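Data block below; observations after.
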Amino acid sequence: MTNIFILSLTAFAVCLILTPLVRRLAVARGWIARPAADRWHKKPTALSGGIAIYLGIAIPLFVISDFHAVSLPHSGASGAVLIPSFAPVLWIGITVMFLLGLVDDRIRLKPQTKLLGQILVASMVAFLGFRLHWLVSMTLDTLLTIFWIVGITNAFNLLDNMDGLCAGISAVSAIFLALIYTGICPELALPSAILAGACAAFLVYNFNPASIFMGDCGSLMIGFAVSMLCLGFSEKFPGNMMASIAVPVMIVMVPISDTTMVTLIRLLSGRKASTGGKDHTSHRLVLLGFSEKNAVLFLYGIGLISGTAALLVSRSDTISSPSVIIPVTLAILLMGVYLSQLRIYPEKEFSALRDQVFSHILIDLTYKKQLVLVILDFCLVAFSYYLSYRLRFNSTDFGYYFKIFLKSLPAVIICKLLVFYIVGVYRGVWGYLNSNDVVVYIKASVIASFLSVTAVTFIYGFKDFSKAIFVIDCLITTSMVLGSRGFFRLFGDAVKRKTLSGEQVFIYGAGRGGEILLREILYNKKHHVKPIGFIDDDPLKIGKKLQGYPILGAFENMEDLIQKYPVTTLLVSFIENDIEHHKFLKDFCRMHDLYLKQFSVHIEPIDTEAP
């Protein structure tokens, strides 16, 4: 434990001291990242901060590396295949990746040239015997290992798109890797701590507003280091297959989800995946109304959640792990689905599908988002049924009933999705949820549970099944289906409120008309209006909230309220029939330099006979 702190502190100190020196060198040599149309930063910023990160990692890592232990994999006395020591292989790999990125920062290598270099380094790692151990076939597993290293390396490279994002996520990933390996595998814990220390130090200068960027020499090296450290978990703990897959994936969940979303959307939009752009997760969060700092901190939070999940799964057995893996995965999936809806570029989405066979079907499915909902419900149904068993049976009995769960799961999924389709769960409009939809979801869930019981009774005779399981499952499924739909509605409303801009106004009237007016403002941004709150003369309403906006006081309090809030307009949400009161409103607004506007809904006849 002492060595971990010392090495981490050494990496931190080296990077902290060297980064200002590298920044000064970069400015003197003209190593500057200048603003561009496809880049986020707005001012020229020093580049090549990866030099300081590399030295912060490479120096302490070199000290603990035994390069004499680097050899081809061979059989030991027990017959087991022995692979080289991890630290020297990691040192060699990050050095080559650093040099590759440094050259790219200077002369801009072609994407295929950079990819070839990454594949060669990944192939060297696989050649030395390091593998994921996810597949039985050694050939396929080796190819998957190369793909993993190259993919994660590029994912971190793409993640370096906003101040402090790549360095912060890398630090979070490395910290959780160090926690997972501490006390179990010092060979992996020490490099993880070194990486965490160096990234944390660089973050001092790279967090918004950044005074230096790491460049490709930093992001490629960090991505390779994290991919190797994740690879080490599968190498050292191959017994638990679920953990050996889930832990590495959840450690790098943020870069994986960001790269997957960006790549798919770019390809479906007819863009090259390698082309830069402002369509990453961080950029979409800013488009929703987050500040740059808050967008980065939000993604740090996602990294902390997925890292904590990885830590829990690494300490859990195969039977318990899904209760951690599935909720985290579903939550991130929901976030990704919502963010993917945002329009970043002007051209129509999925243009690559036009004029292709079945293109109209694919576009229709994607536009209506029903395909995503079916996949989401598939996961929710499976997890709800699993969670029902976990809640119903204790750890001793669960091992026996888990087999019953597995054999009946396909029948339950088929029954529930079939009923969902027939009852009309997938006929609703994406992002909207009203009382009628709630009734449909509850009815579908109850009928689906009855059909599941019938199917299980018919197929298995209900032997060894518990009635309580299906009651619990019905309640959980209903809650999750409603919760997933409610998430899109509530999150959408919250985002619309946060992104409102324009003249600040009071809404006069907190009744039904005020509620309708507020919704019109939220869903129609062409009005360029930002409500501050409501004014209402009903003393019972004052101090309460309507749709999240406060009812600040009565009209008699307007003198004080306009002094407190910088409003420019008073919006009347009802038809004013009192002529005297209407005149009073006009006189008041004229006296206080306020615009007076009135909201109304008209249904007007159209003369169909007119030309």
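Everything quoted here is computed from the prediction, not taken from an experiment.
- A salt bridge is absent between Asp163 and Lys293: the closest approach of a Lys/Arg side-chain nitrogen to an acidic carboxylate oxygen does not fall below 4.0 angstrom.
- Checked against Arg485 for a side-chain contact (heavy atoms from CB on, under 4.5 Å), the options Val438, Leu373, Asp437 give a single hit: Leu373.
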Open item on the list: Is there a side chain to side chain contact (heavy atoms under 4.5 Å, CB included) between Leu517 and Leu571? Walk through the geometry before answering.
Closed with: CA-CA 9 Å; Leu517 171 56; Leu571 292 182; 4.0 Å; yes
Open item on the list: Between Thr45 and Lys43, does the side chain to side chain contact (heavy atoms under 4.5 Å, CB included) criterion hold? Intermediate values first, please.
Closed with: CA-CA 6 Å; Thr45 306; Lys43 63 178 183 178; 4.1 Å; yes
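- Remark: side-chain polar atoms of Thr263 are not paired, donor with acceptor, to backbone N or O of Thr260 under 3.5 angstrom.
- Not one N or O on the side chain of Asn157 forms a donor-acceptor pair closer than 3.5 Å with the backbone of Ser219.
- Look at Glu520 and Lys526 and you find no salt bridge, because none of the NZ, NE, NH1 or NH2 atoms lies under 4.0 Å from a carboxylate O.
- Shown are Val121, Leu220, Leu115; of these, the side-chain contact (heavy atoms from CB on, under 4.5 Å) with Thr153 is made only by Leu220.
- Aromatic rings of Phe534 and Phe506 (six-membered ring for Trp) have centroids beyond the 6.0 Å cut-off, not under it.
- For the residue pair Ser48 / Arg23, no side-chain donor-acceptor distance below 3.5 Å is found, with atom types taken as modelled.
- Take Ile516 and apply the side-chain contact (heavy atoms from CB on, under 4.5 Å) test, not counting sequence neighbours, and it matches Arg512, Phe599.
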Task: Stepwise side chain to side chain contact (heavy atoms under 4.5 Å, CB included) test for His528 and Glu503 - done: CA-CA 7 Å; His528 301 292; Glu503 56 179 328; 6.0 Å; no
